[in-house]
**Student:** 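I'd like to ask some things about the structure below.
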Amino acid sequence: MAEIYSGILEEMTIEEVRALDANVCVIPIGSTEPHGPALPYGTDSFQVEATSYGGTRESNRLGGRVLCLPPLRISLNNNFRAFPFACRMQVSTFMALLKDLVEMCETEGILRVVLVNGHGGNLDVIRAVQRDLAARDGAFVCLISATGCASAEARSVWENRSDHAGEEETSQMLYLRSDLVRRQKVGDNPRMQPGVEVLTEFKAEFVRPWHLYLPTSAGGDATRASAEKGERVIESAIEGMGRFLAELSKAPEGETFPY
């Protein structure tokens, strides 16, 4: 019986990496930014690491040949700059970093790359990188979110949806790193709306200054968060990502891949 490797690059030896002979590479993208009074700066990175590592291990158990790079813990937080140490780089730097990593994968003979994003502020730029890479022949590059492979049934546990440091992220951190959650400070943090009402009425897109949108750097009601909810979603995401990565790895080669 062939040995099953974890696929977690930073845990493997060079002999194990060669033996795995991966044909899919996973690049987890986190963030280091404020998440209000109850959650740590590393919330996004902890979540994307858990699902990416767990999904990679599961995919290889299912017969995939998947390798996961270490998470990128610093990404885009330009609109967080009013808060202390919202770690960030220029958009052009971030784009160049992602393209360099994809090109490294290509050099290693891997032509299927999965970007797993754990921070909403990265999405537009990651998609721009995908568009930029599409201008040439090279790796197939797709994008999923850290918990995007969780089932609809698992995600139905959320009672108060929030885009930052609300019930969802608090629950996931209670499951993954309860030691870092300041439970006595979990609460309902205000989310501000623009005073110019037509911006909301016509769904105008603009980069929100985070200190004006979320004055505490967290938003939404997290009082019903629980480790049980976090476990349900995280474990479902790991199971789903494992199937996704395994099927992507086992899909046959061809000039028209993935069609």
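Note that the structure is a prediction, hence the values are computed from the model and not measured.
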**Student:** Is there a donor-acceptor contact under 3.5 Å linking the side chains of Thr216 and Asn189?
**Tutor:** yes

**Student:** Taking Arg88 for the side chain and Ala86 for the main chain, is one N or O donor matched with an acceptor at less than 3.5 Å?
**Tutor:** yes

**Student:** Taking CD in Glu201 as the centre, count heavy atoms belonging to other residues, nucleotides or ligands within less than 6.0 Å. Is the count above 12?
**Tutor:** yes

**Student:** Under 4.0 Å between a side-chain nitrogen and a carboxylate oxygen: does that hold for Glu239 and Arg243?
**Tutor:** yes

**Student:** Spell out, as yes or no, whether a donor-acceptor pair under 3.5 Å connects the side chain of Gln172 to the backbone of Glu231.
**Tutor:** no

**Student:** Going by an N to O cut-off under 4.0 Å, is there a salt bridge joining Glu106 and Lys99?
**Tutor:** no

**Student:** Does Tyr213 have Arg208 sitting over its ring (NZ/CZ under 6.0 Å from centre, angle to axis within 45°)?
**Tutor:** yes

**Student:** Is there a side-chain contact between Leu67 and Leu20 in this structure, where contact means two heavy atoms from C-beta onward sitting under 4.5 Å apart?
**Tutor:** yes

**Student:** Determine yes or no for a side-chain-to-main-chain donor-acceptor pair under 3.5 angstrom, with Ser59 supplying the side chain and Thr56 the backbone.
**Tutor:** yes

**Student:** Would you say Asn160's side chain and Glu167's backbone share a donor-acceptor pair under 3.5 angstrom?
**Tutor:** no

**Student:** Picking from Arg155, Lys229, Arg161, what satisfies salt bridge (Lys or Arg N to Asp or Glu O under 4.0 Å) with Glu168?
**Tutor:** Arg161

**Student:** Treating Asn117 as the side-chain partner and Ser145 as the backbone partner, does any N or O pair qualify as donor plus acceptor under 3.5 Å?
**Tutor:** no

**Student:** Does Ser52 reach the main-chain N or O of Glu49 with its side chain, forming a donor-acceptor pair under 3.5 Å?
**Tutor:** no

**Student:** Does any part of the side chain of Phe80, heavy atoms only, come nearer than 4.5 Å to the side chain of His211, both counted from C-beta?
**Tutor:** no

**Student:** Is a side-chain N or O of Ser31 found less than 3.5 angstrom from the main chain of Asp44, in a donor-acceptor match?
**Tutor:** no

**Student:** Check for a donor-acceptor pair, side chain of His35 on one end and backbone N or O of Ser217 on the other, with a separation under 3.5 Å.
**Tutor:** no

**Student:** Identify the two heavy atoms, one from Thr51 and one from Thr147, that lie closest to each other, and give their separation to 0.1 Å.
**Tutor:** CG2-CG2, 4.4 Å

**Student:** Taking Ser6 for its side chain and Arg57 for its backbone only, find out whether a donor-acceptor pair lies under 3.5 Å.
**Tutor:** no

**Student:** Would you find more than 12 non-hydrogen atoms of other residues, nucleotides or ligands less than 6.0 Å from Met104 atom CE?
**Tutor:** yes

**Student:** Taking Glu159 first and then Arg224, would you say they form a salt bridge - that is, a charged N and a carboxylate O separated by under 4.0 Å?
**Tutor:** yes

**Student:** Within a radius of less than 6.0 Å around NZ of Lys185, do more than 12 heavy atoms belonging to other residues, nucleotides or ligands occur?
**Tutor:** no

**Student:** Take Tyr53 and Glu10 through the side-chain hydrogen bond (donor to acceptor under 3.5 Å, both in side chains) test and state the conclusion after the steps.
**Tutor:** CA-CA 11 Å; Tyr53 279 16; Glu10 59 186 358; 2.4 Å; yes

**Student:** Quick one: do the Thr13 and Glu15 side chains pair a donor with an acceptor below 3.5 Å?
**Tutor:** no

**Student:** Does Arg73 come within less than 4.0 Å of Glu33, counting only side-chain N to carboxylate O?
**Tutor:** no

**Student:** Counting heavy atoms not belonging to Asp137, are there more than 12 under 6.0 Å from its CG?
**Tutor:** no

**Student:** Could you tell me whether Phe257 atom CZ has more than 12 heavy atoms of other residues or ligands within 6.0 Å of it?
**Tutor:** yes

**Student:** To check you understand the geometry: which heavy-atom pair defines the closest contact between Val17 and Leu9, and what is its length?
**Tutor:** CG2-CD1, 3.8 Å

